[in-house]
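Notes follow once the structure below has been shown.
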Amino acid sequence: MKDNGFEAYKGMRKIIIAIDGPAGSGKSTTARLVAQKLGYTYIDTGAMYRALTLKVIESNVDPNDEDSIVKLAENTRIDLIYENGNLKVILDNRDVSDKIRTPEVTSLVSVVSAHPKVRDIMVKKQRELGKDGGVVIDGRDIGTVVFPNADLKIFMTADVKERAKRRQKELKAQGFEIEIEKLIKEIEERDEFDSNREISPLKKADDAIEIDTTNLTIEEQVELVLKKAYELINQNSN
Ligand code: DC
């Protein structure tokens, strides 16, 4: 059996793995790799909110105008294509995988995603995508709201300086050079906003396992989540 020895888990009962946490905690990278190892689908709900935010910007809609964003969202198609460990984000049949990661989208996504009626639409789409299991889904409210009955819930955290460093590296790879102090401030503001909004705030579910990734490598984070996943998959298969 080539690959990583985990091929054996493909074809067994498919569970739902919810990974929540603040910006830069390592949840997306971990979720993507865990999905790849298990042969599961990866659903990046942050990417869905980012795609909608891009559409808001391109349509010249005011990010504070909830009703107009609802109308836009109702007429928007967002597809997540997960293949060979890579995620493609398709907005109305256009690949926007890179465009949704720009600082402009990042600075507005918290405002767009805080509108309750907008969240209703997005949560519905997310539940539909994950309903058959065999998914790793990451975001802010997955374990608390989207899939409160998820088989495995992980809440990832990390020191804000470490998170800013990771973000700086990601942005550099995209051609944006941004000072670390600015990123720390932005991350703190976004966490504050996401954690204090009225509906579905960023919050650890009571039954989530917390993983602090400050001093962990990506491989270590992935291993921790996989270990928990195997325990559950084995239990559920007996
Ligand atoms: O994970 P991310 O940084 O790509 O998410 C971008 C924003 O989307 C985040 O600041 C808050 C919002 N978001 C949300 O409100 N609920 C989710 N389930 C996922 C993301």
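Counting starts at 1 for both ligands and their atoms, following the listed order. Every heavy atom of this structure was used, including side-chain atoms; hydrogens, water molecules and symmetry mates were not.
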Determine whether a donor-acceptor pair (N or O, by modelled atom type, separation under 3.5 Å) exists between the side chain of Asp65 and the backbone of Val61.
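Checking the backbone N and O of Val61 against the side chain of Asp65, no donor-acceptor pair under 3.5 Å is found.
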Work out whether the distance between some heavy atom of [X] and some atom of ligand 1 is less than 4.0 Å.
{"X": "Met48", "answer": "no"}
{"X": "Lys27", "answer": "yes"}
{"X": "Ser110", "answer": "yes"}

If you compare all heavy atoms of Gly139 against all heavy atoms of Thr45, which two are closest, and at what distance to 0.1 Å?
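So the minimum-distance heavy-atom pair works out to CA-OG1, 3.3 Å.
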Those residues that, when tested against Tyr49, pass ring-ring contact (aromatic ring centres under 6.0 Å, His included) (two or more places apart):
none
At a 4.0 Å threshold, what atoms of ligand 1 neighbour a non-hydrogen atom of Asp194?
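Heavy-atom distances to Asp194 below 4.0 Å select 9 (C), 10 (O), 11 (C).
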Under 4.0 Å from a heavy atom of Arg197: which atoms of ligand 1 are those, numbered in the order shown and with their elements?
14 (C), 15 (O), 16 (N)
Shortest protein heavy-atom distance from [atom], along with the residue and atom involved:
{"atom": "atom 8 (O) of ligand 1", "answer": "Val109 CG2, 3.6 Å"}
{"atom": "atom 19 (C) of ligand 1", "answer": "Thr45 OG1, 3.3 Å"}
{"atom": "atom 12 (C) of ligand 1", "answer": "Ser113 OG, 3.4 Å"}

Measure Met122 to ligand 1 on non-hydrogen atoms and call it side chain, backbone, both or neither using the 4.0 Å cut-off.
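None of Met122 does.
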Looking only at distance, does [X] have an N or O less than 3.5 Å from an N or O of ligand 1?
{"X": "Asp141", "answer": "yes"}
{"X": "Gln126", "answer": "no"}
{"X": "Asp138", "answer": "no"}
{"X": "Arg140", "answer": "yes"}
{"X": "Tyr49", "answer": "no"}

Output yes when Asp194 and Arg140 qualify as a salt bridge under the 4.0 Å nitrogen-oxygen rule, no when they do not.
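Arg140 and Asp194: salt-bridged.
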Step through the shown structure and confirm whether more than 12 heavy atoms of other residues, nucleotides or ligands are within 6.0 Å of [atom1] on [X].
{"X": "Asn215", "atom1": "CG", "answer": "no"}
{"X": "Arg127", "atom1": "CZ", "answer": "yes"}
{"X": "Gln174", "atom1": "CD", "answer": "yes"}

Less than 4.5 Å apart, side chain to side chain, heavy atoms only: is that true for Ile78 and Thr76?
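They are in contact (side-chain heavy atoms under 4.5 Å apart), so the answer is yes.
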Students should find that the hydrophobic cluster of Val160, defined by side-chain heavy atoms under 4.5 Å apart, otherwise consists of Ile180, Ile184, Ile187
Can you name the one residue among Glu220, Arg163, Lys27, Arg166 that meets side-chain hydrogen bond (donor to acceptor under 3.5 Å, both in side chains) with Thr213?
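Testing Thr213 for a side-chain hydrogen bond (donor to acceptor under 3.5 Å, both in side chains) against Glu220, Arg163, Lys27, Arg166 leaves exactly one candidate, Arg166.
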Heavy atoms only: which of Arg50, Arg190, Arg119 is nearest to atom 4 (O) of ligand 1?
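Of the listed residues, Arg50 has the closest heavy atom.
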